[in-house]
Amino acid sequence: MSKPVSALNGAQFHGIAEVRDLGLQGMITLRGDLTKPKLKSAVKSVTGLALPKTGGILSDETGSVAWMSPDELLLLVPYAEVDAHLATLQKDLAKEHSLAVNVSDARAMFSLSGPKAREVLAKLVPVDLSPGAFEPGMMRRTRMAQVAAAFWMMDEDTFHIICFRSVARYVFDLLTVAAQEGSEVNAF
Amino acid sequence: MRRYSAFAVAREALRYHSGWERAWASPEPKKKYDVIIIGAGGHGLATAFYLGKRFGIKNVAILEKGWLGGGNTGRNTTIIRSNYLQDPSAAIYEKSRSLYETMSQDLNYNVMFSPRGVIMLAQTHHEVRGYQRTAHANALQGVKTEYIGPERVKELVPIININGPRYPVLGGLWQDRGGTARHDAVAWGYARACSDMGMDVIQKCEVTGIRRESGRVVGVSTSKGEIDCDKLGIVVAGHSGVLADLAGFRLPIESVALQALVSEPIKPCMDVVVMANTVHGYMSQSDKGEMVIGGGADGYNNYTQRGSFHHIEETVRALIETFPMISRLKMLRQWGGIVDMTGDRSPILSKTPVDGVFINCGWGTGGFKAIPGSGYGMAELIAKGSSPLTDAFSLNRFKEGRFIDESVAAGVAH
Amino acid sequence: MSTRLSTHGRLIDRSQTIKFTFNGKWMRGHPGDTLASALLANDQMLVGRSFKYHRPRGIVASGAEEPNALVNMGKGPTFEPNQRATTTELFDGLTATSQNHWPSLEFDVGEINASLSRFLPAGFYYKTFMYPRAFWKHVYEPFIRQSAGLGQAPKDRDADTYEHFYAFTDILVIGGGVAGLQAAKAAADSGAKVLLVEQSSAWGGRAMVDQVDSETVNDTPVDKFVEEITAELAAMPNVTMRLRMMGAGVYDHGYVLAYERLNDHQPDADGPRHRLWRIRAKQTITATGAIERPLSFAGNDVPGVMLASAVRDYVVNFGVSPGDRTVIATNNDDAYLTAIILKKAGLDVPRIIDARPEGGGALMEEAKALGIRVDLGRAIAKVKGSRRVTKVQICNQAGEGGVLDEVACDAVAMSGGWSPVVHLWSHCGGKLLWDEGHAMFRPDGDNPPRGASGEGFVRCAGIANGAMDLAAVIADAHEAGKAAAKEAGFTPKRSKAPAATSRADAALLPVWLMPQGAKTELRAKSWLDFQNDVKVTDVQLAAREGFESVEHTKRYTTLGMATDQGKLSNINGLAILSDALGQPIPATGTTTFRPPYTPISMGAIAGEARGEVFQPIRRTPMHDWHDANGADWEPVGHWRRPYAFVRPGESVEAAVMREVTNTRESIGLLDASTLGKLIVKGPDAGRFLDMLYTNMMSTLKPGRCRYGLMCTENGFLTDDGVVARIDEDTFLCHTTTGGADRIHAHMEEWLQTEWWDWKVYVANVTEQYAQVAVVGPKARKLLEKLGGMDVSADELPFMGWADGTIGGFACRVYRISFSGELSFEIAVKASDGQAFWDALMEAGSEFGIQPYGTECLHIMRAEKGFIMIGDETDGTVIPQDLGLDWAISKKKEDYLGKRAQERSHMTDPNRWKLVGLETVDGSVLPDGAYAVGPGKNANGQRNMIGRVTSTYHSPTLGRGIAMGLVQHGPDRMGEVLEFPGTDGKTYKAKIVSPIFYDPEGEKQNV
Amino acid sequence: MLMLECPYCGVTADETELSPGGEAHLTRFGPGASDDEFHDYLFMRENPKGVHFERWRHAYGCGKWFHAARATDTLEVFGTYPAQTTKPPQEILDKISAKRPGWTWRDLK
């Protein structure tokens, strides 16, 4: 059978910043009582990571754990491993009131990179993106122009942005417009 | 009262207009009136006017906290239409529209009613069906409307973009006798006519209390002293909740900010009024040449006459999509008004738990067009305790679950 | 005449010449010119016509307050009306035309209005044009519309792009004059993050014109000081400085709009034309300076009469002299500066007319020393000239205007004193004080606009705050900067304001009318609002007629309602009104200041949201395939769904008919991915769904599906869909396409705000899956061909579901039907969606498979009598109206909407109920038609007894079928109703059962 | 343009990230309630010109519902708090009393 494809199948744009569709990314939404040790250990066994603090995201080479809400985490794992990890979570948390679902295919993920990445994104989200105010390790869910989105920083020049799959094209086009040549702001 | 006419103006011109008298008197309040109307906006003044005209009740005072016509009457986008879906709405709005036709002559004051026509654009299949339904209902309600196709829309509105990428214009509900009027003139014309009938229009007179005896109103306390009355009409739009509180009852309404804006004036380019409900924008061109644009209402309680800017943004965005040429016009001025919203977004014209106290409120975003009809019916309600125009709009409908919901045909009440 | 001087011109680059056209005529200017300065340099004083009387209009000011110099600019997709020449930077190839005249600027037939002006006083149109009635719309109004309106309407789609920017700062300083610079410096020294914006293209503001030669800060000339402090600020990492960026509006909770004009001065450059900044500042300082007031004397609107400060600006900034012989009229010392600058530039200043009997201070002596004659206690009786000033007549200020003397001149520079720019301060509720000494309103520091914390978040600095001389301005700005920093949570440096010199001016004499006792003929020619043609007599008339509120007067006379929003006219106007009402000016008060400070482009407001990104379009995984295969799109919410798949040469209607027939006879494929899919999990999930749905969900067995209805708490049917029980703890709820997000939010709301102790989690997995309905008699054959799981009736009976694989795709199959046919709804991962769809199409070709769209779906469900949310329901319909009582649990004590449905009107036997409708002649009932009963109601409307909710031509039955709501409908089977159409015809239809097709359900249960 | 701090994620959110939810602390009336009780629950609102307690959802953020104490005449915000409660926290009530002596809202003072 043919291999699964992401919404924009690797689309790219180069303007005052670079925009890229990052392809398929394994994502698991985990809802539950974040204070429960069982939940913490389950997350650890799946991602090797601890729980981030409120509004934070923890990452290593293979994945990330992002704080989405007081009772919700987003686990980023390799696309191919999602089902296995889900099984583990369901087993480990069988006795806990919790919910773990695969949302990998419900989302699109982009990278926005370059020295102007901060100001390109600042054209679209009502968030203080100045250095110091927003830094790697922070996760922000917000409104991007007219749709919901979430983003975090991989490094000083790179954002990863996720949105719903159905609006992937819209979000890509938005970033393209915001990164058009000659639109530098030089505000940061 | 001196009649207004071109001849009078010419005669006055010879003496540099030194002979014009006051348009309305500014009397001190009397001890007692048969009826006191709180609120000298369009609805309050029209109510007083018809109390006099229809029922000969002329011992009337209209009390105004600020300056007459200073509330929503002077802050709206002046659209007049009656292409409503539900019977009670169609009845009162059509009565109102028909009274606008002759208002300038009835008041001997040019309110510039301009029946230039109103189009409500259908931009989704759902809207197409909704407006076809409305057209059928209107035909039976005696409201002259027509469902028209996109070509006709383009004919009537040359500057419109009928095949926009996102929401192509599929058709529209057209009311050729809808239009606009000069909002301030409506208030001024009624004030002048009421004053001429011997009624007292009392400005800068704030009501601070509503006096009752054994469940019946006997008068009001004001910043200009105590005034007695047999009957009391509360017609204060956004401040209805505050006044109801003074009378000791509550209302099923919430007050929110509604915004509008105008562009700089340009030469005539759009003769009709266009409403695009899918994208929440409506626009007309005033006689000064300004594009008059209506914005959305905030979702939270607000008594400042300022709204949130994102509504302006959403409206302008939508209208640029529908009328690409306005992109290079400039916003001259934006403002807000306080509108009172009911549970079904339709108005309340009703008796209240307090004998002798009547309330007219809840017009939400659509009050201006209803001014004469509302006054016509409200006067009858106050004089006779009931009116076919107002009975369906009584307070008890919420208890009975008997709503008058206009949103069903995508016809938002602007 | 007005010309370019060989001296001065600090802002222009004389080494380069650029060309532009005005009314088709080529003219020359220099980089750094504004369009206004370039026009004056080309002796083009006459630039437009006024709004009402079409009077000739010349340039009056040099900045944002200019009421007259408004031009059409550009062509086609870059055409723009009402561009203000005084704030338009000149660029090579600029094309401008003047406005509001016909046939030409010089000869305008509209000027007839001017000679009739006596017959057209304020509000004359309220008193006339009433008879005969029809004439307003057909005769009077068209004339009024045509003669009003200023600039031309753009015709083309805007060629430029725009964008927004979200900025957050500790302190925003608006205004880059000496006050703004000093305030920014004092604030930034505390370490606070400062954003400093200036609307023009240069720092320093008025001081660069007025105080350069005469005064110093820190013992250095003002221009040097500006240079130094600008450099210092630029070097500070915590400071951002922007030119060509105007503070447009101040809103609640510290929200400020700023309008950055990136490319207006370089139209060929890349990037957006304008950028609208949405700034959140802890503290905002407005250092917006002040605007000079005109004087009200007869003929003060004749081209050549200008603000004294503007005359200085044109000389100093642009090396342009508005006139060769300039008469000065003033009530304060400031205008003497203009006289001195003109004189020193070698120009003639025949007379200074000072209304003050004692005249001015040091500057007057300086002017006299230069040999300029000064008349004290005098006024201008009248300015002579029509298209250009030719002379002024002089009288006593105290008198009625008896002419004492005449002076020939070609320009008049007037100054009536200054008004601080308090607009931004006032937008969000800042209060004003009347300053008797300077005859002006200034901010009342004790009543600032208050933010979320309840504390003030705006303060003014410099002249904008009423500090009138340089030393005071610098000191005030310094304190404002420090105070703002402190308020924003920083510790300001302990520093003193730089010492500055200050001019010893004599006091100003308030002069609202010149001369004081001007006769009516003079007052009738004394303009207050130059653009809207409002004269002193108009305001006096308004007062006489009882328009006593300043708002009434404004609206009655249109004073201050022009595109300059009264920047020049408001204070003079309300002084005249106060005088007419015999009350002090503060008792009259001001009109409300509303954003924006000056007009901002609609394009900037919309920002990036145009064309493709005007609004999001939601796409399913198979969207592109649909698009490539003839999809006729239908927007459903933000989704796009194929209405039908139209083949080349086929009509949409024909396509729909084909799709229905094909699906009923062989097999059809529907993209159902847009349907909402919500996972509801937890020990209390069943209990929770029992509250949400009208029917009982807790009794549903794992592996089974149940159709459910959801109502609002107000009783009305809001959504429906099939619920599948996954396991003991887990349900999957399908919603309508429009319903997914709404119902998800609805569930979260009740869980979070009412039943927060219930153990339930909800997740919206709508977009995780591509869902495909495989529908028709051959559906099972196709799935069996693809293989992978047992889809036999025994293994997977109607209303059952199962996990498995089909054609190698992991999937979940629901055996549900919205068409009445054998039907499988198959969910696969969205990322597999297109591949799965391809596999079905390919394997299905031998069975005659065809995709179908929403209209086919609608017809098939109507043939079966299934209701559609949004068709049979409209927000006023309850399940009981639709004969869905079978789906309303009688056993449950409670569910959302249950109590509401017990209200008297909801249980009224007269409610309209669902029935089927069959036209007598087989034709299709018009959509939305109403059935009429006998008679009319109290308001004379025809009595209606029912309406059509869905109506189609059924290819299956070969006739029109419809569903509708009819009073007592179910009890009136067989009765024929009349539906008047809007086409004049009356349609007759028989009441029948709503189930037109396969009532026993034999086709779907195979 | 309001800004409110979400008590769950600590984000001071722009109004456009939030969705308003009307009056707070309503008691639900279902089957068995009188017509008046049900009517008041569904439709009667304080709609005060002054101190108000209202619901908001951090719709574009953590998705949680919270309450805000806000003045409708000045838009001053006295505080926000989680929605899982039937009455406002005392410290917010005290703060309001300090700033607006004599305020009332339903039975609160």
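All values derive from a computational prediction rather than experimental measurement.
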Chain B heavy atoms under 4.5 Å from [X]: which part of the residue, side chain, backbone, both or neither?
X	value
C:Val932	side chain
C:His427	backbone
C:Met906	both
C:Pro142	neither
C:Ala604	neither
C:Asn100	both
C:Ile605	both
C:His638	both
C:Leu257	side chain

* Using 4.0 Å as the upper bound for N to carboxylate O, is an ion pair formed by B:Arg166 and C:Glu612? ->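 Not counted as a salt bridge, because no side-chain N and carboxylate O are separated by less than 4.0 Å.
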Beyond-backbone contact of [X] with [Y], side-chain heavy atoms, under 4.5 angstrom:
X	Y	value
C:Glu634	B:His126	no
B:Lys288	C:Asn532	yes
C:His552	B:Leu68	yes

* **B:Ser18: partners by side chain to side chain contact (heavy atoms under 4.5 Å, CB included), with sequence neighbours left out** =>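 Residues passing side chain to side chain contact (heavy atoms under 4.5 Å, CB included) with B:Ser18: B:Arg15.
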* **side chain to side chain contact (heavy atoms under 4.5 Å, CB included) against B:Asp184, all qualifying residues, sequence neighbours excluded** =>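 B:Asp184 satisfies side chain to side chain contact (heavy atoms under 4.5 Å, CB included) with B:Arg182, B:Trp188, C:Arg555 only.
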Between [X] and [Y], is any side-chain donor less than 3.5 angstrom from a side-chain acceptor?
X	Y	result
B:Tyr16	C:Glu521	no
C:Arg157	B:Ser327	no
B:Gln334	C:Arg594	no

* Just by distance, do the side chain of C:Lys127 and the backbone of B:Ser5 share a donor-acceptor pair under 3.5 Å? ->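 Between the backbone of B:Ser5 and the side chain of C:Lys127 there is no qualifying donor-acceptor contact (under 3.5 Å).
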* To do: Mark yes or no for whether B:Arg129, through its side chain, and C:Gly928, through its backbone, hold a donor-acceptor pair below 3.5 Å.
  =>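 Between the backbone of C:Gly928 and the side chain of B:Arg129 there is no qualifying donor-acceptor contact (under 3.5 Å).
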* Apply the side chain to side chain contact (heavy atoms under 4.5 Å, CB included) test between B:Arg133 and each candidate in C:Asp874, C:Val948, C:Asp927, C:Thr949; give the one that qualifies. =>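 That would be C:Asp874; it is the only one of C:Asp874, C:Val948, C:Asp927, C:Thr949 passing the side chain to side chain contact (heavy atoms under 4.5 Å, CB included) with B:Arg133.
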* Hey, which of C:Gln83, C:Arg84, C:Met602 is the one that makes side chain to side chain contact (heavy atoms under 4.5 Å, CB included) with B:Lys330? ->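 Considering C:Gln83, C:Arg84, C:Met602, a side chain to side chain contact (heavy atoms under 4.5 Å, CB included) with B:Lys330 is found only for C:Gln83.
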* With rounding to the nearest 0.5 Å, note down the distance linking CE in C:Met130 to OG1 in B:Thr102. =>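 Separation between the atoms: 13.5 Å.
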* Begin with the C-alpha distance, continue with both residues' side-chain angles, and end with the deciding distance and a verdict on side-chain contact (heavy atoms from CB on, under 4.5 Å) for B:Phe403 and C:Thr876. => CA-CA 8 Å; B:Phe403 303 104; C:Thr876 68; over 6 Å; no
* Is the C:Tyr126 ring parallel, tilted or perpendicular to the B:Tyr109 ring (thresholds 30°, 60°)? ->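 Answer is parallel, since the angle falls under 30°.
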* Would you call the rings of C:Tyr255 and B:Phe309 parallel, tilted or perpendicular if under 30° counts as parallel and over 60° as perpendicular? ->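 C:Tyr255 vs B:Phe309 ring planes: tilted.
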